[in-house]
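Every value quoted in this text rests on a predicted model; they were computed, and no experiment measured them. Note that these values count all heavy atoms, side chains included, but never hydrogens, waters or copies made by symmetry.
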Amino acid sequence: MTAEVEVFDAVLALLLLWLGWRALASADLFKAVVQFIVFGLLLSLAWVRLGAPDVALAEAAIGAGLAGALLLDTLARLGRSGAADEARPLALTPARAGIALAVIGLAALLVASVLALPARWPGLAEPALQQLSASGVSNPVTATLLNYRAWDTLLEIGVLMLAVLGVWILDAEPALPRPAPDPMLGLLLRVMLPLTVIVAGYLLWVGAHAPGGAFQGAALLAAGGVLWHLARPLSLAPGRLVRAAIVFGFAVFLAVGVATALLGSGFLTFPPALAGALILVIEAAAMLSIALIMVALFVGHQRPGTAPQAADTTDTQDTGAAP
């Protein structure tokens, strides 16, 4: 490693620490959100430097993209001026100082643990790589997620479904009024949405042998859905079609597992000759469901009778006109 690379990594680590603190301590909520988005982008760069491009793609799309858009949309609905007036910088209290010391101590313990590891750790990496040819894909990350520990991935999709269910159940407050659709966002939507679908399909296909896959493609599709919502506000009520689309990925994953069990291979134990095709089917279905789940988590559930009104709606009560 050259001196320039070491300096770059040190500056990147310092910037992450500084942006993390500023995002928490800023008195201006808009600045805090922008700093949070920049933090997510730099964190994705840090994952690239650590040799984890799959995690970097997910962090850039979700940690910086979707989460940042959600915070900006929430701030716009609350009103930036009122929110900024009520914001106060974080003061150093004894309780916060104790929490900070505990976090620093935990971080130091983790660093010491990593430094104490032997140079060559006996694990499952080598046996997993030796069986990669029988997994159906050549990307170790995809093989791990969809073949070696498919049970975990199945349950993770189930957790996402439960998260949407929680949003639909706990959303007891009336929806906040949305701003009028932005024509510039509409123009951007017409340009970006087809490109988003194409790139998401490419990430799904390339995930078998390179960084990518269902989750990364779903994050990109969800970004397109969020852009659609910002340009033309959506209302994803939990109707039959929406519920079926959200359950679709989990159902296909579960059906493949049951089919392999009935064929004698074992639940989610793919025959080497069919493993590649089965993983592609699972990933395609999961990508569509995960994308819709992310959009549903962003949009929330608008209760009946709380539909947003246009900004120029005429007050019928004053004119006596019928609604």
Identify all side-chain donor-acceptor contacts of residues 250-266 below 3.5 Å with residues at least two apart in sequence or on another chain.
unit_1 : atom_1 : unit_2 : atom_2 : d
T260   : OG1    : V256   : O      : 3.2
T260   : OG1    : G257   : O      : 2.8
T260   : OG1    : G266   : O      : 3.0
T260   : OG1    : L268   : N      : 3.0

*Using a 4.5 Å cut-off on heavy atoms from C-beta on, say whether the side chain of F270 contacts that of L274.*
no
*Going only through I, L, V, M, F, W and Y residues with side-chain contacts under 4.5 Å, is there a path from L14 to F8?*
no
*Could you walk me through whether T142 and E283 pass the side-chain contact (heavy atoms from CB on, under 4.5 Å) test, one step at a time?*
CA-CA 10 Å; T142 303; E283 284 204 301; 4.0 Å; yes
*Summary of salt bridge (charged side-chain N to carboxylate O under 4.0 Å, His left out) pairs that have at least one residue in residues 141-150, sequence neighbours excluded*: R149-D152, R149-E156
*Any idea which heavy atoms bring P271 and L278 closest together, and the distance?*
CD-CD1, 4.3 Å
*Can you tell if the side chain of M161 reaches within under 4.5 Å of the side chain of V164, non-hydrogen atoms only?*
no
*Rest of the hydrophobic cluster containing L109 (Ile/Leu/Val/Met/Phe/Trp/Tyr, side-chain heavy atoms under 4.5 Å)?*
none
_I want to check something: taking the side chain as every heavy atom from C-beta on, are L203 and M287 in contact at a cut-off of under 4.5 Å?_
no
*Would you call L70 and T74 a side-chain contact if the rule is heavy atoms closer than 4.5 Å?*
yes
_Could you tell me if the side chain of F215 sits less than 4.5 Å from the side chain of L204, heavy atoms only?_
no
*asked:* Show the nearest heavy-atom pair for residues A210 and N139, with the distance to one decimal.
replied: O-ND2, 2.9 Å
*Is any side-chain heavy atom of I62 less than 4.5 Å from a side-chain heavy atom of M294?*
yes
_Give me the atom names and distance for the closest heavy-atom approach of L292 to A245._
CD2-CB, 3.3 Å
_How about CG on L241, more than 12 heavy atoms from neighbouring residues, nucleotides or ligands closer than 6.0 Å, or not?_
no
*Of all heavy-atom pairs between A69 and F298, which one has the smallest distance, and what is that distance?*
C-CE1, 3.5 Å
